[in-house]
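What you see is a predicted model, and the numbers here were worked out from it, not measured in a lab. Position 1 is the first residue of the sequence; numbering continues from there.
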Amino acid sequence: MRREDLESLLEQLSEAGWRAGAFRNLETVAGGVHDAHRLRFENADIFLKATRLENAVMLADEADALTRLRATGAVIMPRPLLNGVAGEIAYLALRWIDLNPALPDAQRRLGRMLAALHRCEADRYGWDRDNHIGLTRQRNAWSDNWCEFFTDQRLGFQLRLAEKKTNDEWVRRGFDLLDVLPRMLDAYQPVASTLHGDLWSGNMAMRGDGEPVIFDPAAHYGDRECDIAMTELFGGFSPAFYSAYEEEWPLEEGYEDRRPLYQLYHVVNHVNMFGGGYAKQASTMIESLLAKFA
């Protein structure tokens with residue numbers, strides 16, 4: 001980070017009321033798709049995400065989602081302090097939390113918390129703004145029909161992005177899958193739950209006091225099973241998490257059939273962001289779903 005950018009940021013934090021003593025230093029830390037830093041002050045620290053100015057909306061989306069999910073009172077998430085532009089960077093400043101891998105007791109608590117978040121319901125699917133899933137835009141136009149929402153705003157949108165990059169057969173087969181989605185979803189109208197939206201194990205941890213923390217949301221209102229399916233895609237969640245969730249709100253019949261469909265959305269997104277072996281994984285998942293429902 002340029003000295004001029006840092007000085008502008010510190011000035012903005014001061015004007016916004018950040019009072020944590022003298023600034024000490026800046027350390028680069030792991031932080032996902034954006035640059036990440038730990039700003040050390042005398043009495044408290046900040047986790048800072050920074051990106052190019054053209055990506056400013058991504059951090060604004062994240063600040064919005066964190067604020068709104070925290071407001072439900074159901075889950076523990078980092079508190080946004082300030083979001084804006086400093087010199088040549090866009091940034092999101094969050095209160096620093098010391099994080100550790102989540103132990104089974106913390107995951108059990110998280111299962112109950114997630115069920116409480118999902119109980120925060122809306123009357124439609126979507127969100128009042130588009131946002132991002134990783135680096136990819138996530139469309140959230142309001143819909144009263146879950147099948148139409150998932151087809152148009154989720155899997156169909158990702159497939160159209162993939163089509164612009166490749167003419168591989170798996171993409172065409174993906175569009176074939178869209179044609180049969182009504183057989184799977186037309187009679188299925190789940191509650192429009194408040195979702196984290198990107199709940200894989202890398203976005204879940206534990207505070208020093210043992211409380212679970214989730215972060216990096218791609219929030220929207222949708223089928224709660226989408227969050228559960230994402231937790232199962234890359235592993236890392238313990239049996240305690242699932243048993244606690246089921247105690248609070250058991251999943252509906254048919255989840256096992258819908259799970260790979262919801263996971264496919266994230267796998268195609270990974271193809272669009274990273275390429276590589278994810279295309280083969282997407283192809284396998286598409287063929288399996290077509291074999292079962294076509």
Side-chain angles (χ1 to χ4, degrees), residues 1-72 75-100 127-140 161 194-200 202-208 213-220 269-270 272-274:
M1 181 186 299
R2 301 185 316 153
R3 177 182 296 274
E4 298 91 333
D5 300 339
L6 178 59
E7 291 175 351
S8 175
L9 171 64
L10 293 174
E11 182 179 353
Q12 291 179 45
L13 287 167
S14 177
E15 291 174 351
W18 177 250
R19 301 288 182 268
F23 173 69
R24 290 181 170 176
N25 67 297
L26 176 149
E27 301 173 3
T28 299
V29 296
V33 298
H34 303 293
D35 294 336
H37 308 279
R38 182 174 185 171
L39 274 61
R40 291 185 177 270
F41 294 82
E42 186 177 4
N43 300 317
D45 294 350
I46 284 175
F47 179 74
L48 183 78
K49 289 190 174 187
T51 190
R52 298 187 301 272
L53 294 178
E54 57 265 33
N55 294 331
V57 66
M58 296 183 185
L59 297 184
D61 291 342
E62 182 176 348
D64 169 75
L66 285 170
T67 299
R68 293 167 64 176
L69 267 59
R70 280 172 51 89
T72 67
V75 290
I76 300 172
M77 307 188 80
R79 178 165 67 91
L81 299 171
L82 201 60
N83 169 230
V85 171
E88 295 183 356
I89 63 165
Y91 69 85
L92 172 59
L94 307 169
R95 189 67 180 258
W96 180 269
I97 303 174
D98 287 318
L99 297 176
N100 303 288
W127 200 242
D128 57 11
R129 61 191 284 169
D130 288 349
N131 50 26
H132 287 80
I133 178 79
L135 294 172
T136 309
R137 180 187 174 203
Q138 180 169 261
R139 293 182 59 193
N140 291 316
L161 289 179
T194 301
L195 305 186
H196 176 282
D198 195 11
L199 193 57
W200 68 291
N203 288 340
M204 172 269 295
M206 181 182 74
R207 294 190 315 203
V213 182
I214 55 177
F215 39 89
D216 291 351
H220 59 283
N269 182 46
H270 276 61
N272 286 325
M273 289 195 297
F274 308 120

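Using a 4.5 Å heavy-atom cutoff, the side chains of Leu99 and Phe47 are not in contact. Taking the side chain as every heavy atom from C-beta outward, Ser14 and Arg19 approach each other to under 4.5 Å. Contact annotation: the side chain of Ile46 approaches that of Trp18 to within less than 4.5 Å [non-hydrogen atoms, C-beta and beyond].
Side-chain contact annotation: Asn272 with Thr136, donor-acceptor N/O pair under 3.5 Å absent. Between the side chains of His132 and Asp61, at least one donor N or O lies within less than 3.5 Å of an accepting N or O.
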Which pairs would a plain distance check flag for residues 83-94, meaning a side-chain donor or acceptor within less than 3.5 Å of a matching protein atom at least two apart in sequence or in another chain?
| residue | atom | partner | partner atom | Å |
| --- | --- | --- | --- | --- |
| Asn83 | ND2 | Tyr91 | O | 2.8 |
| Glu88 | OE2 | Arg2 | NH1 | 3.4 |
| Tyr91 | OH | Gln12 | OE1 | 2.7 |

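The two atoms that bring Arg129 and Asn140 nearest to each other are O-ND2, 3.0 Å, heavy atoms only. Taking all atoms of both residues into account, the shortest heavy-atom contact from Ile214 to His196 is CD1-CD2, 3.8 Å. The shortest non-hydrogen separation linking Ala219 to Asn131 is O-ND2, 2.8 Å. The minimum heavy-atom distance between Asp198 and Gly134, with the atom names listed, is OD2-N, 4.4 Å. Looking at every heavy atom in both residues, His34 comes nearest to Ala50 through CB-O, 3.6 Å. Contact record, Phe215 with Gly202: CE1-O, 3.3 Å, taken as the closest heavy-atom pair.
Here the CG atom belonging to Asp35 is positioned 7.0 Å from the OG1 atom belonging to Thr51, to the nearest 0.5 angstrom. Note that the NE2 atom of His220 and the CD atom of Gln138 stand 5.5 Å from one another [nearest 0.5 Å]. Asp64 contributes atom CG, which lies 12.5 Å from atom CG of Leu59 (distance to the nearest 0.5 angstrom). For the atom pair CG of Leu26 and CG of Leu39, the computed distance is 5.0 Å after rounding to the nearest 0.5 Å. Expressed to the nearest 0.5 Å, how far CG of Asn269 lies from CZ of Phe274 amounts to 8.0 Å. Between the CE atom of Met77 and the CG atom of Leu66 there is a distance of 5.0 Å, given to the nearest 0.5 Å.
The backbone N or O of Glu4 lies less than 3.5 Å from no partner atom in the side chain of Ser8, so there is not a single donor-acceptor pair.
No more than 12 heavy-atom neighbours from other residues, nucleotides or ligands sit within 6.0 angstrom of CZ on Arg52.
Between Phe41 and Phe23, the angle of the ring planes goes over 60°, which puts this pair in the perpendicular group of the 30/60° scheme.
In terms of the side chain to side chain donor-acceptor pair (under 3.5 Å) criterion, Arg79 has no residue partners (sequence neighbours excluded). Under the side chain to side chain contact (heavy atoms under 4.5 Å, CB included) criterion, Glu27 pairs with Asn25, Arg38, Arg40, not counting sequence neighbours.
Ion pairing between Lys49 and Asp216 holds under the 4.0 Å rule for side-chain N and carboxylate O.
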